Protein chains: 2
Amino acid sequence: MHAEDHEEHTVPAASPSVDPAPLDALDRRLLTELAADGRVTNAALAKRLGIAESTCLQRVRSLRERGVVRGVHADVDLAALGFPIQAVIKVRLGSHNRDHVASFHQVLAHVPGVLRILHVGGEDDYLLHVAVSSTTQLRDLVLEHLNVHPVVRHTETQLVFEEIAGAGVL
Amino acid sequence: MHAEDHEEHTVPAASPSVDPAPLDALDRRLLTELAADGRVTNAALAKRLGIAESTCLQRVRSLRERGVVRGVHADVDLAALGFPIQAVIKVRLGSHNRDHVASFHQVLAHVPGVLRILHVGGEDDYLLHVAVSSTTQLRDLVLEHLNVHPVVRHTETQLVFEEIAGAGVL
DNA sequence: CTTGAAACCCCGTGCTT
DNA sequence: AAGCACGGGGTTTCAAG
């Protein structure tokens, strides 16, 4: 249990650095538990699944080393933190030149308030999930960080009324 | 470090059950650390911030009790788990009747593969972030779980090419 | 509200079967 | 993969500033 966590998400499109080791039922149960409570101790986890602690530790370690478990993060209430407003900003580009897109990525990843960047196909090019402290900040985010970028052709902002956890895949 | 985690997200729009206790700089530092690594031990956390372990423990406890920290969850690589395809499904409703919407919520929360449900204002009504094992499953999800619901007027699916972590608010 | 130290408890490790 | 014994470290509580 240490602070050796590297992250960075680039999820789909050819999973990176993930060994072709198929996950068995036990692995899936472990992941389910860890997704529900990332702070369970190894002992508690083992007991809950009815396996030996040594086995449990070994499995969990393997999952982390293979990158199946990317990290463990606290889920913070952004509203309580002073960012009560969330929005999704649809972004369409004017040029899909490879370099332009790459530089836009870099910009996006450093815009404060941006929680998650989804590069999508279809009508839009990007969907940005953002959290801000005020509508003024939301406007500033769009005007000062997005629309100023030459590759951005169009943005459209939708306020998030409610965010609900889905059933997930587990 | 136990298994006493209640969850369920309904983020913005009047933060629920959050006491008007303003978070000071120390709280914010703690949250930043916990968001980066939710498994840090209390001892390590205290040392990193230069405070006593007892103080650290008390602060973190308070943050959890006040709901500022909703929980700690493992970040699982869905592709490695067998769900390499992600998509965003825009959903528009035909009726915004309160009961219809409520029942639709219930349905959505139980559709397997749905990671996150955003109830938004604007052109769309819902944005669903989903993960599936194949395009066939994606089609089935839309046809069998969404379009069959009488309140759903229109859906539009966008494939996720890449998912990138934003800078966040911390 | 914070601190420091002490006591308890339990986690994680490695070895053996 | 399981069980056990050891050692170390984390958590917790207390009195005090």
Side-chain angles (χ1 to χ4, degrees), chain A residues 1-7 19-77 80-82 170, chain B residues 1-7 17-76 80-81 170:
Chain A
M1 54 160 65
H2 258 171
E4 311 298 49
D5 281 43
H6 312 292
E7 314 285 321
D19 291 336
L23 304 176
D24 63 11
L26 181 55
D27 286 324
R28 252 173 275 132
R29 292 174 66 199
L30 286 167
L31 292 172
T32 303
E33 294 294 331
L34 289 172
D37 179 8
R39 274 186 87 86
V40 230
T41 61
N42 184 61
L45 194 54
K47 186 179 295 180
R48 201 175 298 178
L49 299 195
I51 61 177
E53 298 180 8
S54 47
T55 307
C56 188
L57 187 66
Q58 187 176 313
R59 288 297 191 106
V60 173
R61 231 181 232 164
S62 169
L63 288 172
R64 277 204 267 163
E65 285 168 357
R66 281 186 283 168
V68 180
V69 172
R70 294 208 196 83
V72 178
H73 308 282
D75 177 17
V76 177
D77 182 348
L81 231 174
L170 299 168
Chain B
M1 61 160 60
H2 258 168
E4 311 298 48
D5 281 42
H6 311 292
E7 314 286 321
S17 74
V18 174
D19 291 335
L23 304 176
D24 63 11
L26 180 55
D27 286 324
R28 250 171 277 131
R29 292 175 65 198
L30 286 167
L31 291 172
T32 303
E33 294 294 331
L34 289 172
D37 178 7
R39 272 187 87 86
V40 228
T41 61
N42 184 60
L45 194 53
K47 186 180 295 179
R48 200 174 299 179
L49 299 197
I51 60 178
E53 297 180 8
S54 45
T55 306
C56 188
L57 186 65
Q58 187 175 312
R59 286 297 191 105
V60 174
R61 242 185 220 160
S62 170
L63 288 172
R64 277 205 267 162
E65 286 167 358
R66 282 186 284 170
V68 180
V69 173
R70 294 207 195 84
V72 178
H73 309 282
D75 178 18
V76 176
L81 230 173
L170 297 169

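Side-chain atoms are counted along with the backbone in the values below, which use heavy atoms only and exclude waters and symmetry mates. Chain A is the first sequence line, chain B the second, and so forth, proteins listed ahead of strands; every chain is numbered from 1. Every value quoted in this text rests on a predicted model; they were computed, and no experiment measured them.
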What is the distance, rounded to the nearest whole Å, between atom [atom1] of [X] and atom [atom2] of [N]?
X: B:N42; N: C:dC11; atom1: CG; atom2: C1'; result: 15 Å
X: B:L45; N: D:dT12; atom1: CG; atom2: C1'; result: 16 Å
X: A:Q58; N: D:dA1; atom1: CD; atom2: C1'; result: 8 Å
X: A:R39; N: C:dG12; atom1: CZ; atom2: C1'; result: 16 Å
X: B:R59; N: C:dC1; atom1: CZ; atom2: P; result: 8 Å
X: A:K47; N: C:dG12; atom1: NZ; atom2: C1'; result: 15 Å

Partners meeting side chain to side chain contact (heavy atoms under 4.5 Å, CB included) with B:D27 (sequence neighbours left out): B:L23, B:D24, B:L30, B:R59, B:L63, B:R66
With the side chain of [X] defined as its heavy atoms from C-beta on, choose the nearest nucleotide among [options].
X: B:L57; options: C:dT3, D:dG10, D:dT12; value: D:dT12
X: B:E53; options: C:dC11, D:dT11, C:dT3; value: D:dT11
X: A:T55; options: D:dG10, D:dA2, C:dC11; value: D:dA2
X: A:I51; options: C:dG12, D:dA1, D:dA2; value: D:dA2
X: B:T41; options: C:dC11, D:dT11, D:dA2; value: D:dT11

Give, for atom [atom1] of [X] and atom [atom2] of [Y], the distance between the pair rounded to the nearest 0.5 Å.
X: A:E53; Y: A:T55; atom1: CD; atom2: OG1; value: 10.0 Å
X: A:L26; Y: A:I51; atom1: CG; atom2: CD1; value: 4.5 Å
X: A:R39; Y: B:R39; atom1: CZ; atom2: CZ; value: 7.5 Å
X: B:L57; Y: B:T41; atom1: CG; atom2: OG1; value: 11.0 Å

Nearest heavy atoms of A:R48 and A:E33, plus distance in Å: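 The answer is NH1-OE1, 2.7 Å.
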Contact under 4.0 Å: B:R61 side-chain N or O vs D:dT11 OP1/OP2: no
Side-chain N or O of A:S54 closer than 4.0 Å to phosphate OP1/OP2 of D:dA2: no
For DNA chain C, the residues among residues 24-32 of chain B that have a non-hydrogen atom under 4.0 Å from it: none
Heavy-atom side-chain contact between B:L34 and B:L45 under 4.5 Å: yes
